[in-house]
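Notes follow the structure.
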Protein chains: 2
Amino acid sequence: MLKANEDRTSGVVTSGRWGQIYDDLKSAILAHNIAPGTKLPEDELGEVYSVSRTLVRAALQALAHDRLVQLEPNRGAFVAKPSKREAREVFEARAIIEPKVAAMAAAIAKPSDIKVLRRHLDEEHKAIHDGRQGDAVMLSARFHEGIAEIAGQTILTEFVRSLCSRSALIISLYSRRTDTFCESHAHHALVDAIAANSELDASELMTSHLVDLLSGIDVSESAGPQRKLSEILRGV
Amino acid sequence: MLKANEDRTSGVVTSGRWGQIYDDLKSAILAHNIAPGTKLPEDELGEVYSVSRTLVRAALQALAHDRLVQLEPNRGAFVAKPSKREAREVFEARAIIEPKVAAMAAAIAKPSDIKVLRRHLDEEHKAIHDGRQGDAVMLSARFHEGIAEIAGQTILTEFVRSLCSRSALIISLYSRRTDTFCESHAHHALVDAIAANSELDASELMTSHLVDLLSGIDVSESAGPQRKLSEILRGV
DNA sequence: CGCTGAGCAAATGAATCCAATCTTGCGCAG
DNA sequence: CTGCGCAAGATTGGATTCATTTGCTCAGCG
């Protein structure tokens, strides 16, 4: 199941064992095993993990901060359904941050870093080949995170991690093509540029890669997912 | 006391009334009313706010996610003490994000937006004049947030908000000059550029403003603040 | 036949309670 | 006199329990 709980929530807390639940739920959501909009009742999750609602609540709160779940007062927790506006903003933010990060990574990448990236690529390729789309989007996200880590920017790495998580949700919601999740050749070209220490190439490749990703999803203006069903049925 | 709890934690949750505690503590930390490294015992806070430890824990967890407090397992919560490395990274991140945001804001700023910014400036000026440094840094942060809001980028606004919060902590820790918090003239020039819809000027002014801020703090390499008191006293 | 309102059930919000862990102070041995 | 070890106190971690809000159902009325 692609153990992803090695560094806890994003290095934030490490407190207690609710991080386990956090990681599990996060994996499930990102891998699209739980559909956006799904209700996440506290006691149900508590029963699944054999823990109290207290821990479930802590995990849900952390996920809410990552915007992967939406907490509605006295209603419950739901898997987030990013609006198209939010989707556009996520990619705009990535377009601002990630090219710079890629350039920084290219500037200081060591051979060992490149090896790590290529290993990521291999895993991703295998996941795509095996048809495990859920794992593929997660590995793609981890690839982008990996670049940020090479850049040595822990804070920007956090931002990239957050944005990639949300991107995974967005792609699962609005994807038009099935191969939307990071075509491998784009990633390969990126690694080559970084390995060659060419900052400009890395920056531009990242930009075009993000444009590619964005072109693969439908962000045309329309009623957001917040619209009530009644309004939709009324044909408003 | 500068009511800041109008939009809750960063629009994240709005759940329950622990947001009140969150906002209060955040204000106190950013205004430097609580020194970095200070322990924040749960039941003490619970007594102060006449509330159960449950809510205090929720607030502390949210603050931990913002990196304003550090949660140590079985130890407790402490006001964060960003290392110099973290300090540098925060400003590097700001240098990447904020100029772009300023340019976007300049591109689409309406007269009403400018009025809001100028009102921020007035409050900030008054706070500085009155010697209320704590409020000044908070208002400075809100000014930067305001620019991001004008840019219409809610996600980047969140990032800027987070970075500005941490900057406030950093400045209070490593400031050399006392006037470090955003000299007003820099902010005025920024507003002028945005009002004139000149994206390039806004971007460059923001960059130089951030460089200015960074030059005002001491980020020279040295042992981080994680050093034990014993090591310091030993003169290591 | 449709609409309104009271009542019921379920889920969340918050407080209290118990357990586990760390800190600190004291005592004793070397 | 100093250093190690142990026990008591304090503090956090997690579970259980009570209260409140929300949403739904169904009876009564227009």
Side-chain angles (χ1 to χ4, degrees), chain A residues 5 8-9 11-25 34 37-65 68-80 226-234, chain B residues 5 8-9 11-25 34 37-65 68-80 226-234:
Chain A
N5 54 342
R8 219 37 110 227
T9 164
V12 174
V13 179
T14 325
S15 139
R17 62 184 189 275
W18 59 265
Q20 172 96 27
I21 303 171
Y22 171 91
D23 287 328
D24 260 32
L25 281 178
I34 312 178
T38 307
K39 186 170 166 61
L40 301 172
E42 292 182 354
D43 39 9
E44 187 172 321
L45 292 174
E47 193 158 337
V48 169
Y49 291 104
S50 306
V51 296
S52 177
R53 277 175 42 215
T54 308
L55 299 187
V56 174
R57 203 131 92 255
L60 289 177
Q61 188 180 340
L63 287 166
H65 192 122
L68 291 181
V69 311
Q70 176 136 13
L71 256 46
E72 296 181 24
N74 291 318
R75 294 289 316 282
F78 303 84
V79 178
Q226 349 272 52
R227 273 180 49 165
K228 307 282 189 212
L229 182 62
S230 56
E231 294 174 3
I232 295 172
L233 294 181
R234 258 186 241 128
Chain B
N5 55 342
R8 222 34 111 231
T9 165
V12 174
V13 180
T14 327
S15 138
R17 61 184 189 275
W18 59 265
Q20 171 97 28
I21 303 171
Y22 171 90
D23 287 329
D24 260 32
L25 281 177
I34 312 178
T38 307
K39 187 171 166 61
L40 301 172
E42 293 182 355
D43 38 8
E44 188 172 321
L45 292 174
E47 192 158 339
V48 169
Y49 291 103
S50 305
V51 84
S52 178
R53 277 176 44 216
T54 308
L55 300 187
V56 175
R57 275 224 302 270
L60 288 176
Q61 189 180 339
L63 286 166
H65 193 120
L68 291 181
V69 312
Q70 176 137 12
L71 256 49
E72 296 180 25
N74 291 319
R75 296 285 317 282
F78 302 84
V79 178
Q226 351 271 50
R227 277 178 43 166
K228 306 282 189 213
L229 180 61
S230 56
E231 295 175 2
I232 295 174
L233 294 180
R234 258 185 242 132

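Below, read A as the first sequence line, B as the second, and so on, with proteins coming before strands; counting in each chain starts at 1. As the structure is a prediction and not an experimental result, all values here were calculated from the model.
A/Arg57 comes within 4.0 angstrom of a nucleotide base, judged by non-hydrogen atoms across all strands.
Comparing A/Arg53 and B/Glu42 along DNA chain D, the residue whose closest nucleotide (by nearest heavy atom) sits nearer the 5' end is B/Glu42. Two residues, B/Thr54 and B/Asp43, neighbour DNA chain D, and the one matched to the more 5' nucleotide by heavy-atom proximity is B/Asp43.
Without hydrogens or angle criteria, B/Glu42 side chain to B/Arg57 main chain gives no donor-acceptor distance under 3.5 Å.
Per the geometry, CD belonging to A/Glu47 stands 14 Å off P belonging to D/dA15, to the nearest Å. One interatomic measurement links the two molecules: CD of B/Gln61 to P of C/dG13, which rounds to 14 Å at whole-angstrom precision. As a whole-Å value, the separation of B/Leu71 CG from D/dG13 C1' is 11 Å. A straight line from CG of A/Leu60 to P of C/dA11 spans 14 Å, rounded to a whole angstrom. At whole-Å resolution of the value, CD in B/Glu72 and C1' in C/dA20 are 18 Å apart. Atoms CZ (A/Arg17) and C1' (D/dA15) sit 10 Å apart, rounded to a whole Å.
Distances shorter than 4.0 Å separate some side-chain N or O of B/Lys39 from OP1 or OP2 on D/dT12. Using a 4.0 Å cut-off, no side-chain N or O of B/Arg75 falls inside it from OP1 or OP2 of C/dA20.
Looking only at side-chain heavy atoms (C-beta outward), A/Tyr49 and A/Arg17 stay at 4.5 Å or farther from each other. Side-chain contact between B/Leu68 and B/Val79 is absent, with no heavy-atom pair separated by less than 4.5 Å. With contacts defined as side-chain heavy-atom distances shorter than 4.5 Å, the pair B/Leu40/B/Val69 qualifies.
You'll find that the side chain of A/Asn74 is closest to C/dG13, out of C/dA14, C/dG13, D/dG13.
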